[in-house]
Asks: 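My questions all concern the structure below.
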Amino acid sequence: MYSLYLEKERNKSEQLLHNIMPKAIADRLKTTKETISIDNPEISVLFADIVNFTVMSEKLSAEKIVGFLDEMFSRFDDLTEKYGIEKIKTIGDSYMVVAGLTSEEKEHAAILFKFGQELIKISSNYNDHNGNPITLRVGINSGPAVSGVIGKSKFSFDIWGDTINTAARLESYGSPSRIHMSTQTFKLINKKIKHEKRKIEIKGKGLIESILV
């Protein structure tokens with residue numbers, strides 16, 4: 001009985017660890033005390049943000065806001081398993097995921113594009129304080145990045161680099177219910193998709209071309 005209890009608790013602990021970081025990273029964390037860092041030569045990263053969330057949060061109770069975010073983001077989490085991608089974190093009403101992080105998946109850009117389309121569909125099933133469908137801005141970028149585990153008592157897995165910063169900017173300069181991506185991501189998708197070409201000013205990078213789908 002005691003052995004079964006220990007096994008159950010061990011499995012529970014492993015599941016919790018896998019919920020906060022990629023399985024391959026969690027397995028390494030269990031076997032080493034060394035700093036875990038990874039050079040990722042090419043990944044795709046997606047940011048999704050709720051349009052007018054600040055206004056909505058001022059009009060609804062804390063219970064309703066938290067309940068709404070929990071329900072919608074839980075559906076987003078289910079999608080990450082479907083597409084085999086990694087959720088990195090949520091920051092307020094912003095949702096961040098990465099594809100191609102710990103595998104040789106070469107279709108990471110196309111996968112995140114499909115994922116982003118499904119996020120927009122899911123969000124439209126929810127209504128804001130005025131009864132209007134929730135809309136998202138979605139930004140996707142592809143390129144190199146560095147990832148790893150930081151901290152001790154409350155460690156976390158995160159990813160850094162210009163690729164990440166640009167993806168966040170693409171989201172903030174995007175349009176409701178549209179996917180705003182870099183030209184690099186669009187090339188990797190390699191499909192004939194109806195799109196608009198744009199030029200946006202990004203701090204530290206100047207004027208860049210982007211694609212709105």
Side-chain angles (χ1 to χ4, degrees), residues 20-22 25 37-51 53 69 72-73 76-77 79-80 82-103 105-123 135-150 156-191 193 195-213:
I20 61 175
M21 65 182 63
I25 304 302
S37 60
I38 304 170
D39 286 316
N40 307 107
E42 187 177 74
I43 52 91
S44 288
V45 57
L46 176 150
F47 283 90
D49 195 76
I50 300 172
V51 177
F53 178 77
L69 287 176
M72 190 170 78
F73 282 1
F76 290 0
D77 290 348
L79 272 187
T80 63
K82 173 184 174 180
Y83 284 98
I85 59 181
E86 298 293 342
K87 173 186 173 183
I88 302 301
K89 57 188 170 184
T90 58
I91 308 168
D93 63 309
S94 182
Y95 193 88
M96 176 187 178
V97 297
V98 172
L101 191 62
T102 57
S103 68
E105 177 58 68
K106 298 187 182 300
E107 299 296 319
H108 47 81
I111 287 171
L112 279 196
F113 177 63
K114 292 178 183 177
F115 179 80
Q117 289 179 310
E118 289 214 44
L119 294 190
I120 291 171
K121 288 180 182 178
I122 288 174
S123 69
T135 57
L136 300 180
R137 284 189 308 269
V138 177
I140 308 176
N141 188 31
S142 305
V146 174
S147 58
V149 178
I150 55 174
S156 65
F157 179 81
D158 211 341
I159 185 165
W160 306 269
D162 182 65
T163 298
I164 313 304
N165 298 335
T166 300
R169 292 290 185 273
L170 287 166
E171 178 273 307
S172 63
Y173 284 94
S175 300
S177 300
R178 306 284 294 276
I179 296 178
H180 193 201
M181 67 181 77
S182 64
T183 54
Q184 174 65 12
T185 298
F186 189 66
K187 289 176 184 177
L188 289 173
I189 291 175
N190 196 28
K191 289 183 178 180
I193 303 169
H195 65 280
E196 299 174 26
K197 292 183 178 180
R198 303 181 73 188
K199 288 186 178 181
I200 59 172
E201 186 84 25
I202 292 184
K203 186 178 179 180
K205 293 177 73 71
L207 197 65
I208 69 165
E209 291 187 352
S210 62
I211 303 293
L212 189 65
V213 178

Asks: Determine whether K82 and K114 make a side-chain contact, defined as any pair of heavy atoms from C-beta on separated by less than 4.5 Å.
Replies: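 No, every pair of side-chain atoms sits at 4.5 Å or beyond.
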
Asks: Looking at every non-hydrogen atom in both residues, tell me the closest pair between F76 and I122 and how far apart they are.
Replies: CE1-CG2, 3.7 Å

Asks: Evaluate R198 against S175 for side chain to side chain contact (heavy atoms under 4.5 Å, CB included), listing each step before the verdict.
Replies: CA-CA 12 Å; R198 303 181 73 188; S175 300; 3.9 Å; yes

Asks: Please check this pair: side chain of N40 against backbone of L101, looking for a donor-acceptor N/O pair closer than 3.5 Å.
Replies: yes

Asks: Which pair of heavy atoms, one from G100 and one from I43, lies closest together, and at what distance?
Replies: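 Heavy atoms of G100 and I43 come nearest at O-CG2, 3.3 Å.
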
Asks: Applying side chain to side chain contact (heavy atoms under 4.5 Å, CB included) between V138 and each of I120, L170, L112, report the one that passes.
Replies: I120

Asks: Going by the rule side chain to side chain donor-acceptor pair (under 3.5 Å), which residues pair with T163 if we only count those two or more places apart in sequence or in a different chain?
Replies: none

Asks: Heavy atoms only: give me the nearest L188-S142 pair and the separation to one decimal.
Replies: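 Shortest heavy-atom separation between L188 and S142 comes out as CD1-CB, 3.6 Å.
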
Asks: Scan I91, V97, D93 and name whichever one has a side chain to side chain contact (heavy atoms under 4.5 Å, CB included) with Y95.
Replies: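 With Y95 as partner, side chain to side chain contact (heavy atoms under 4.5 Å, CB included) holds for just one option, V97.
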
Asks: Please find the pair of heavy atoms, one from A167 and one from V45, that lie closest to each other, and give the distance.
Replies: CB-CG1, 3.3 Å

Asks: Measuring from L46:CG to N141:CG, what's the distance to the nearest 0.5 Å?
Replies: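 Interatomic distance, L46 CG to N141 CG, rounded to 0.5 Å: 11.0 Å.
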
Asks: Any pair with a residue in residues 171-186 that passes salt bridge (Lys or Arg N to Asp or Glu O under 4.0 Å), sequence neighbours left out, goes on the list, sorted by first then second residue, please.
Replies: R137-E171, R178-E196

Asks: Could you give the distance from CE (M181) to OG1 (T166), rounded to the nearest 0.5 Å?
Replies: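 So the CE of M181 and the OG1 of T166 are separated by 15.0 Å.
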
Asks: Determine the sole option in V98, I159, I164, D39 for which the side chain to side chain contact (heavy atoms under 4.5 Å, CB included) test with S147 is passed.
Replies: I159

Asks: For K89, what residues pass the side chain to side chain donor-acceptor pair (under 3.5 Å) criterion, not counting sequence neighbours?
Replies: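 D158.
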
Asks: Could you work out, with side chain to side chain donor-acceptor pair (under 3.5 Å) as the rule, every residue matching Y83, not counting sequence neighbours?
Replies: E118

Asks: Going by side chain to side chain donor-acceptor pair (under 3.5 Å), name the residues that satisfy it together with K197, two or more places apart in sequence or in a different chain.
Replies: none

Asks: Nearest 0.5 Å, please: how far is CE in M96 from CD in E86?
Replies: 11.5 Å

Asks: Show the atom names and distances, to 0.1 Å, of all donor-acceptor pairs under 3.5 Å that link a side chain in residues 199-213 to residues at least two apart or in another chain.
Replies:
{"from": "K205", "atom 1": "NZ", "to": "D162", "atom 2": "OD2", "distance (Å)": "3.0"}
{"from": "S210", "atom 1": "OG", "to": "H180", "atom 2": "NE2", "distance (Å)": "2.7"}

Asks: With a 4.5 Å heavy-atom cut-off, do H108 and I85 have their side chains touching?
Replies: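 The answer is no; the side chains never approach within 4.5 Å.
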
Asks: Between G92 and F73, which heavy-atom pair has the shortest distance, and what is it?
Replies: O-CE2, 3.9 Å

Asks: How long is the span from the CZ atom in F115 to the CD1 atom in I140, to the nearest 0.5 Å?
Replies: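 One gets 9.5 Å once the value is rounded to the nearest 0.5 Å.
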
Asks: Between NZ of K87 and OG1 of T90, what distance do you get to the nearest 0.5 Å?
Replies: 5.0 Å

Asks: Between the main-chain N or O of A109 and the side-chain N or O of T185, is there a donor-acceptor pair closer than 3.5 Å?
Replies: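 No; judged by distance alone, with no hydrogens or angles, the pair does not exist.
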
Asks: Find the distance between OG (S123) and CG (L136) and round it off to the nearest 0.5 Å.
Replies: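 So the gap between those two atoms works out to 3.5 Å.
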
